[in-house]
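In what follows, chains carry the letters A, B, and so on, assigned in the order in which the sequence lines appear, proteins first and then strands, with residues in each chain numbered from 1.
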2 protein chains.
Amino acid sequence: MGRKKLLIKRLECAKARQSKYSKRKIGILKKAKELSVLCDVDLALVMFSPSGTPSVYVGKDKDLHRVVERLSIMSIEDREESEWKNPHTINDLAKLQIMEDHLVASLDCIRAKKRDLIIQEQQNQSIQASLPQGEPII
Amino acid sequence: MGRKKLLIKRLECAKARQSKYSKRKIGILKKAKELSVLCDVDLALVMFSPSGTPSVYVGKDKDLHRVVERLSIMSIEDREESEWKNPHTINDLAKLQIMEDHLVASLDCIRAKKRDLIIQEQQNQSIQASLPQGEPII
DNA sequence: GGCTATGAATAAGC
DNA sequence: GCTTATTCATAGCC
């Protein structure tokens with residue numbers, strides 16, 4: 001769309017990339033929101049500008065939020081690691097700490113779920129064992 | 001766009017939601033890919049159809065893949081949990097175990113990074129301490 | 001899932 | 001960022 005047809009290949013000029021990104025980011029964020037609302041659908045979109053700034057849209061399921069946050073943090077971390085130039089070590093340590101905290105919280109959550117499931121399974125088995133004999137449940 | 005202007009609100013007919021999703025999914029996936037290629041940008045898009053099938057596009061940075069996979073698994077898990085009807089407990093336990101393993105691996109990775117940073121920081125300090133006195137570095 | 005009329009997104013240019 | 005000529009995505013149909 002636009003005055004001329006544009007070939008979809010990497011724009012070599014960095015300035016052009018940033019400019020194009022600024023415009024199209026708005027469009028795709030709108031599309032994501034429309035799709036999520038119209039179709040009542042779980043959706044997550046994360047993008048990083050050429051300079052590394054993340055933009056996020058998460059539709060409907062708010063549980064996706066936490067995962068997407070982690071996605072953003074991890075990717076920023078990866079980017080800075082690859083641009084490893086200055087010793088902003090304290091800042092990086094703080095970010096790692098945040099990531100670690102997030103992961104520990106997620107682990108706690110998952111292990112709690114596991115415990116619940118195991119307990120529930122045991123209860124099901126004892127109920128089944130105490131039932132009068134009938135057709136075996138498959 | 002289209003024959004009439006469409007208001008952006010949840011389509012009440014489930015059949016219409018699925019149909020609309022099928023069409024717009026193609027459009028937004030194309031947009032995501034174009035943006036990622038044109039602007040050479042890291043991007044992740046995950047959607048779940050009304051019936052729960054995930055569609056994914058990840059552009060450029062393949063490290064996002066692992067996180068997006070986890071995003072998909074976790075969201076499927078959440079969905080099935082909310083549709084809690086049949087005791088397919090074993091299956092759920094297996095999924096939780098996969099998630100736990102992923103998280104543990106991520107934690108190991110992050111803690112290793114932390115150790116490296118701390119050691120590096122200590123080395124920087126001892127180098128600095130052994131330098132001749134000059135202007136303090138701020 | 002394919003077909004058009006139409007509304008939207010956006011390429012160039014300011 | 002704002003405007004406008006164009007191309008693109010898609011609503012309603014089948």
[Y] and [X], any side-chain heavy atoms less than 4.5 Å apart:
{"X": "A:L6", "Y": "A:K20", "answer": "yes"}
{"X": "A:V41", "Y": "A:K60", "answer": "no"}
{"X": "A:Y57", "Y": "A:S36", "answer": "yes"}

d([atom1], [X]; [atom2], [N]) in whole Å:
{"X": "B:K4", "N": "D:dA9", "atom1": "NZ", "atom2": "C1'", "result": "18 Å"}
{"X": "A:L7", "N": "C:dT10", "atom1": "CG", "atom2": "P", "result": "17 Å"}
{"X": "B:L6", "N": "C:dT6", "atom1": "CG", "atom2": "P", "result": "16 Å"}
{"X": "A:E34", "N": "D:dT10", "atom1": "CD", "atom2": "P", "result": "9 Å"}
{"X": "B:R24", "N": "D:dT10", "atom1": "CZ", "atom2": "C1'", "result": "7 Å"}
{"X": "B:L29", "N": "D:dA9", "atom1": "CG", "atom2": "C1'", "result": "14 Å"}
{"X": "B:L35", "N": "D:dC8", "atom1": "CG", "atom2": "C1'", "result": "16 Å"}
{"X": "A:I8", "N": "D:dC8", "atom1": "CD1", "atom2": "P", "result": "9 Å"}

Selection from [options] that lies nearest to any side-chain heavy atom of [X]:
{"X": "A:R3", "options": "C:dA9, C:dA11, D:dA11", "result": "C:dA11"}
{"X": "A:K20", "options": "C:dG7, C:dT4, C:dA11", "result": "C:dA11"}
{"X": "A:M1", "options": "C:dG7, C:dA12, D:dT7", "result": "D:dT7"}

Practice prompt. Quick one: label A:K23 by what it contacts on the DNA or RNA (base, sugar-phosphate, nothing), any heavy atom closer than 4.0 Å.
Written response: base
Worksheet item: Taking OP1 and OP2 of D:dC8, is either one under 4.0 Å from a side-chain nitrogen or oxygen of A:K5?
Response: yes
Response to the item:
Minimal heavy-atom distance between A:L7 and B:L38, with the atoms involved, is O-CD2, 3.7 Å
